[in-house]
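Take a look at the structure below.
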Amino acid sequence: MINSKALFNLGYGLYVVTCSDSTKDNALIVNTVMQLTSTPCRVAVTVSKQNYSHDLIKTNGILNVNCLTVETPFKVFEAFGFCSGKDKNKFEGCAPARSENGLVVLPHYINSFMSLKVENTIDLDSHTMFICSITQSDIVSDIESMTYAYYHKNVKPKPQANDQKGYICKICGYVHKSDTLPEDFICPICKHGASDFEKIV
């Protein structure tokens, strides 16, 4: 038996990864950033192939990782995690700062950033792991980093107690109103699979 909730006890941070198609900025939320080695310094960022940002990173070979803090409001997750850059400009009305590689560095709610250059990739079927070197990094505040557990406990809105029936996405709260959930179901909001849904009881 595999209880997928055991994975929630792994220590994850939450990050906004910024990228570009050279004419338009884009970004997404990820929880899959980790340091691999210190000499040479290598960082891995894993991105779903369904995300628009995946193709931008694969094509251009550069990205920024913005480390979110515990002060990050839910609206940031909505803006960068629950819609696609194919359909909207995620930085509309915002004049963000930029790093030396020309990509966006968030002006608020981060404590550090890293500019990365893709050195290698590993195909993980549904995702690609980008193995990167650091070209620039800095600390911008001493506010504690946001963890996945903190997000679920303190930031993500709790489901409303009502008579809804179906399955709810544990990531973004989307409700699939049906008595059944196909094994290959993908959340239309955050693009997570059926394993991240639970039955509303």
Side-chain angles (χ1 to χ4, degrees), residues 1-19 21 24-33 45-58 65-66 68-94 106 108-109 123-129 145-201:
M1 180 185 93
I2 296 175
N3 184 344
S4 62
K5 290 184 179 179
L7 296 171
F8 294 166
N9 290 327
L10 294 175
Y12 295 105
L14 282 167
Y15 313 91
V16 172
V17 170
T18 55
C19 52
D21 68 358
K24 177 184 171 186
D25 295 308
N26 197 51
L28 80 159
I29 300 281
V30 302
N31 66 339
T32 47
V33 177
V45 181
T46 305
V47 180
S48 170
K49 293 178 181 178
Q50 293 187 347
N51 288 107
Y52 176 53
S53 293
H54 172 275
D55 295 340
L56 300 183
I57 295 167
K58 195 158 190 180
V65 171
N66 296 265
L68 295 172
T69 74
V70 292
E71 294 184 348
T72 307
F74 185 67
K75 67 180 182 181
V76 171
F77 295 94
E78 289 181 299
F80 297 121
F82 299 157
C83 61
S84 173
K86 283 183 181 177
D87 306 320
K88 70 175 288 188
N89 179 357
K90 295 190 179 186
F91 292 97
E92 187 174 4
C94 175
L106 295 190
H108 307 292
Y109 309 122
D123 189 322
L124 300 172
D125 296 327
S126 61
H127 291 63
T128 298
M129 177 182 285
S145 293
M146 171 84 71
T147 65
Y148 200 52
Y150 185 94
Y151 166 78
H152 277 279
K153 186 175 182 180
N154 301 293
V155 180
K156 177 184 165 188
K158 303 293 185 277
Q160 297 293 320
N162 54 31
D163 294 330
Q164 285 186 328
K165 293 182 179 179
Y167 293 81
I168 187 166
C169 177
K170 297 178 285 188
I171 307 302
C172 70
Y174 170 79
V175 175
H176 177 68
K177 297 177 182 176
S178 174
D179 291 333
T180 60
L181 186 73
E183 288 184 11
D184 61 350
F185 186 80
I186 300 295
C187 177
I189 304 298
C190 68
K191 310 302 183 197
H192 281 248
S195 63
D196 285 318
F197 279 75
E198 60 187 5
K199 189 172 180 64
I200 298 172
V201 293

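When a residue number appears, it is its place in the shown sequence, counting from 1.
If you run side chain to side chain contact (heavy atoms under 4.5 Å, CB included) between Leu68 and each of Phe80, Tyr150, Phe77, only Phe77 comes through.
With rounding to the nearest 0.5 Å, the separation of OH in Tyr15 from CG in Asn66 is 11.5 Å. Interatomic distance, Lys170 NZ to Cys187 SG, rounded to the nearest 0.5 Å: 12.5 Å.
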Exercise for review: Applying ring-ring contact (aromatic ring centres under 6.0 Å, His included), run through Tyr148 and Tyr12 and close with a yes or a no.
Suggested key: CA-CA 5 Å; Tyr148 200 52; Tyr12 295 105; 5.7 Å; yes

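For the pair Tyr174/His192, no side-chain contact is recorded, criterion being any heavy-atom separation below 4.5 Å from C-beta on. Contact annotation: the side chain of Asn31 approaches that of Leu14 to within less than 4.5 Å [non-hydrogen atoms, C-beta and beyond]. Val155 places a side-chain heavy atom less than 4.5 Å from the side chain of Met146. Residues Leu106 and Phe91 meet the side-chain proximity criterion, which asks for heavy atoms closer than 4.5 Å. Considering only heavy atoms from C-beta on, Val16 stays 4.5 Å or farther from Thr72 through its side chain. The shortest distance between side-chain heavy atoms of Lys90 and Asp25 does not fall below 4.5 Å. Residues Val17 and Val47 are not in side-chain contact: their nearest non-hydrogen atoms beyond the backbone lie 4.5 Å or more apart.
Residues Asp125 and Lys49 approach most closely at O-NZ, 2.8 Å, considering heavy atoms. Between Gly85 and Asn26, the shortest heavy-atom contact is CA-OD1, 3.0 Å. Gly193 and Ile186 get closest at one heavy-atom pair: CA-CD1, 4.1 Å. Residues Thr18 and Ala27 come closest through the heavy atom pair CG2-CB, 3.9 Å. When all heavy atoms of Pro182 and Ala194 are compared, the closest pair comes out as O-CB, 3.5 Å. For the residue pair Asn89 and Lys24, the shortest heavy atom distance occurs at CA-CE, 4.2 Å.
For Asp179, the CG atom counts as loosely surrounded, since its 6.0 Å shell holds 12 or fewer non-hydrogen atoms of other residues, nucleotides or ligands.
For Phe197 and His176, the gap between ring centers reaches or exceeds 6.0 Å.
Applying the side chain to side chain contact (heavy atoms under 4.5 Å, CB included) rule to Lys86 yields the partners Tyr52, Ser84; only residues at least two apart in sequence or on another chain are considered.
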